[in-house]
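Presented below is the structure to which this report refers.
Order of the sequence lines fixes the chain letters, A, B, ..., with proteins taken first and strands second; residue numbering starts at 1 for each chain. Every heavy atom of this structure was used, including side-chain atoms; hydrogens, water molecules and symmetry mates were not. Here the structure is a predicted model, which means the values were calculated and not measured.
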Amino acid sequence: MPEGHSIHRLARQFQDVFAGQVLEVSSPQGRFTAGAALLDCHELLEATAHGKQLFLRFDHGVLLHVHLGLYGAWSFGGDESFRGASSIGAPRRIGERETFSQEAEQDAGLGAGPGAGSPISSYAGPPEPVGAVRVRLVSANGWADLRGATTCAAITEAEAAAVLGLLGPDPLHNRPGDREEFIRRLLRRKTAVGLLLMDQSVVAGIGNIYRAEVLFRRRVDPWTPGSSLNAETAGRLWDDTVAAMSDGVRDGRIVTTPSALWSGGTAGALDGEAHFVYKRQGQPCRRCGEVVGMAEIGARKLYWCPGCQN
DNA sequence: ATATTATGCAAAT
DNA sequence: TTTGCCTAATATT
């Protein structure tokens, strides 16, 4: 269940362990057989992320486009060199499903695994697929399995450009002009800012946790219409989103309660102290003591502090 | 052990 | 507006 920070970590992981290598691509589950055939035996040039979209670009102009949706997940495994190159390391991170197989080390060096004899694999090979593996990538040193994704497609550069064209700026890129573009897209809509932050065409990568936490940190009432915000407030929302999500990329989990923002706590180190308002409805606000509220808005649960955010 | 829930989105209705 | 995705952490029995 990833927000943008997880996808950027995954892009970095694919870049680190697979870029520059020819990959075997298959669909053990069978639902992506045709797409896998289009990508099989080609070199991965680069892996990139924009918001929650992941793109793996291959050497013949075809891309693998993946969106994990609510419960999609990648898992990885491989030999020692593969592990050494991985930026997603064991033990697995709390709150994310970027799992790194503990079995991989055992598989390596056993000699006669299921994948032995494959033209590319030089290690014992990936394990038998467990569950519904939509797509499996295999290099000489490791493998990656995708399960449960909403989107998994082999697309052209033009189709990838079309996907990107529907998205707002990504705080994790924070490119020149992105901040101003975010402000423009926020202020021209009458929709509640709590909904706009979840709108991927306004800003790409924010999910339900960052939505709630960033609005709390900036003391913005989620029901304020975008058009009622001033540019300064909107700009500071962008800046804090950049900061919070960058922390998420670094930590591999969402912790929005650093000690600098919360003198009474332990910097989110303890379970249950990682957030200010997310899933804390009915409990006292960590900042003002008011009871944290929750409401369903746009089919998702919105959490906020009525005392701080008005 | 079993049930519920969810960091999301698109397709179907 | 509802369903599918078919995972995996958390809650409940």
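- Put simply, NZ on A:Lys279 is 10 Å from C1' on C:dA11, counting in whole angstrom units.
- The nucleotide whose nearest atom lies closest to any side-chain atom of A:Gln29 is, among B:dG8, C:dC6, B:dT7, C:dC6.
- A:Tyr278 and A:Met198 fall into different hydrophobic clusters, where Ile, Leu, Val, Met, Phe, Trp and Tyr are joined by side-chain heavy atoms under 4.5 Å apart, directly or via other members.
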Ring pair (Phe, Tyr, Trp, His ring centres under 6.0 Å) assessment of A:Phe76 paired with A:Phe14
CA-CA 10 Å; A:Phe76 299 91; A:Phe14 280 104; 5.2 Å; yes

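- Atom CE of A:Met198 is separated from atom P of B:dT7 by 7 Å (rounded to the nearest Å).
- A close approach under 4.0 Å does occur between a side-chain nitrogen or oxygen of A:Lys301 and OP1 or OP2 of B:dA6.
- Around atom CD of A:Glu296, more than 12 heavy atoms belonging to other residues, nucleotides or ligands sit under 6.0 Å away.
- Comparing B:dC9, B:dA6, B:dT7 by their closest approach to the side chain of A:His5 singles out B:dT7.
- Within the structure, every side-chain polar atom (N or O) of A:Arg300 is placed at least 4.0 Å from both OP1 and OP2 of B:dC9.
- The separation between A:His275 atom NE2 and B:dT7 atom C1' is 9 Å, rounded to whole Å.
- The CZ atom of A:Arg31 sits 12 Å away from the P atom of C:dT7 (whole-angstrom rounding).
- Here the nucleotide nearest the side chain of A:Arg134, chosen from B:dT7, B:dG8, C:dC6, is C:dC6.
- Within residues 208-215 of chain A, the residues approaching DNA chain B are A:Asn208, A:Ile209, by heavy-atom distance under 4.0 Å.
- Atoms CG (A:Asp199) and C1' (B:dT7) sit 17 Å apart, rounded to a whole Å.
- We find that CG of A:Leu70 is positioned 16 Å from P of C:dT3, with the value rounded to whole Å.
- Ring geometry, A:His50 versus A:His173: the interplanar angle falls from 30° to 60°, so the pair is classed tilted.
- In this structure, a donor-acceptor pair under 3.5 Å is present between the side chains of A:Asp199 and A:Ser201.
- Partners of A:Thr256 according to the side-chain hydrogen bond (donor to acceptor under 3.5 Å, both in side chains) rule, which considers only residues two or more places apart in sequence or in another chain, are A:Glu213.
- In this structure, CD of A:Gln53 is placed 7 Å from P of B:dA10, rounded to the nearest angstrom.
- Relative to the side chain of A:Tyr71, the nucleotides B:dG8, B:dT7, C:dC6 differ in distance, and C:dC6 lies closest.
- Between C:dT13 and B:dT5, the distance separating the two P atoms is 12 Å to the nearest Å.
- For A:Ala295, the side-chain contact (heavy atoms from CB on, under 4.5 Å) partners two or more places apart in sequence, or in a different chain, are A:Trp223, A:Trp304.
- Applying the 4.0 Å criterion to OP1 and OP2 of C:dA8, one finds that A:Arg147 has every side-chain N and O outside that range.
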